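Working notes, structure below.
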There are 2 protein chains.
Amino acid sequence: MKLPVSTEWVLHCATSLAQLEPGATASAGQLAGYFDVPQAYLAKQLQPLVKAGVLAATTGPRGGFRLARPAADITFLDIVEAVDGTAPPYECREIRQQGRGALPAEDCRAACPIAAKMAAAHASWRTSLAAVTLADLLSEIPEWAPERTRRLLTGTG
Amino acid sequence: MKLPVSTEWVLHCATSLAQLEPGATASAGQLAGYFDVPQAYLAKQLQPLVKAGVLAATTGPRGGFRLARPAADITFLDIVEAVDGTAPPYECREIRQQGRGALPAEDCRAACPIAAKMAAAHASWRTSLAAVTLADLLSEIPEWAPERTRRLLTGTG
DNA sequence: GCCATCCTACTCGGATATCGTATGTCCGAGTTGGTCGGG
DNA sequence: CCCGACCAACTCGGACATACGATATCCGAGTAGGATGGC
């Protein structure tokens, strides 16, 4: 069970974008230089964020990415599931209905107890991530951080 | 973020082994036939369970696998982390200290806030799994299930 | 009939191929801002 | 001096290679139970 390396990238990118002035954008190249990560691959990983409605992208000069919603309405879960997908890590393939020990279908109306426990753990994980918004995170950083981010990221700040 | 398919196998195998009489064993071949999964690959996945001290293996005729501890002392977390490893899914590579926006080391004494949130979610997941033991699971299955498992799995029951 | 020995069959354990996905890179379509010429 | 059209550079978006780990398989070392021969 491993999240893509790019998960860290997009979380930090979203945090940085949240520190920009409303309407301002940062390009994939600027973000890549800010974190020293491959520019092309970062752009590729930001795309699903746009499709998920977390970020908005504008092309052309002075274009780039910005938050599509207020920072208070974007949770960690939104970002993580956008880049990694929403499929739960444990997939029940109903092996209890296969092989020599296959249970009759009438005993499988209820969900597999094992799968239920795994689903509960996954739900706990999702709940924990959904409880944190980008706005919550910004409240934890120093006062001087946003100005610094704007200056080093976009050059205007 | 995806758990190996074998996670389902070993969870069901452990549950079945917990239904055997104390000291009784089931071979990898018997378990594979019981669930209709590849026998060699299942044996490979049961090995880390033995190394983790969850299962015990005996060789030779009438040998096989059995629980190394009472079912009440084996949690889902023990099994899942044995087969999948204990590394957390989100790995903080400290990109906040890299690139144009690198923070000075003195501002990085505290853990990265983003990594802290991800670690908290992972801790929540682990806590949820650690709260379920094999004994808990056995209390949810029908009365007639253990006898049936013993009969179809080992032929003696 | 009992026992020690040998043997056979069965077990796990690790080493070895194959496949799929994450990772990394590249080029093309589209758009905006600036520039240049004309009025 | 003001305005419109053109151009060029910059942006994202999707298509194309590569590396690593999960998946699947096989063969060898070791052991316990049973058969066998002797006492």
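Side chains included, hydrogens not; waters and symmetry mates left out as well; all remaining heavy atoms used. Note on naming: letters A, B, ... go to the chains in the order of the sequence lines (proteins, then strands), and numbering restarts at 1 for each one. Every value quoted in this text rests on a predicted model; they were computed, and no experiment measured them.
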Open item on the list: For a quick test of reading the model: is some side-chain N or O of Q47(B) closer than 4.0 Å to OP1 or OP2 of dG14(C)?
Closed with: yes
- [ ] Assign G29(A) to base, sugar-phosphate, or nothing according to its heavy-atom contacts below 4.0 angstrom with the strands shown.
- [x] nothing
TODO: Please check if any side-chain donor atom of S124(A) sits under 3.5 Å from a side-chain acceptor atom of S124(B), or the reverse.
DONE: yes
Task: Side-chain N or O of Y41(A) closer than 4.0 Å to phosphate OP1/OP2 of dT25(C) - done: no
Task: Closest nucleotide among dT25(D), dT23(D), dG13(D) to the P4(B) side chain - done: dT23(D)
Open item on the list: Pairing donors with acceptors under 3.5 angstrom, does anything connect the side chains of D136(A) and T133(A)?
Closed with: yes
- [ ] Using whole Å, report how far CZ of R62(A) lies from P of dG30(C).
- [x] 24 Å
Open item on the list: With a 4.0 Å limit, can you tell me whether S27(A) has a side-chain N or O closer than that to the phosphate oxygens OP1/OP2 of dT11(D)?
Closed with: yes
Open item on the list: If you assign A40(B) and S6(A) each to the DNA chain C nucleotide with the nearest heavy atom, which residue ends up on the more 5' nucleotide?
Closed with: A40(B)
TODO: Ignoring the backbone of V5(A), work out which of dT23(C), dT23(D), dG24(C) is nearest its side chain.
DONE: dT23(C)
Open item on the list: As a test of reading the structure: which of dG13(D), dG13(C), dT25(C) is closest to the side chain of F65(A), going by heavy atoms?
Closed with: dG13(D)
Open item on the list: Check E91(B) with K2(A), please: is the shortest side-chain N to carboxylate O separation under 4.0 Å?
Closed with: no
TODO: Check whether any side-chain heavy atom of V10(B) sits under 4.5 Å from a side-chain heavy atom of L55(B), and report yes or no.
DONE: no
Task: Side chain of A57(A) (C-beta onward), nearest among dG13(D), dA24(D), dT25(C) - done: dG13(D)
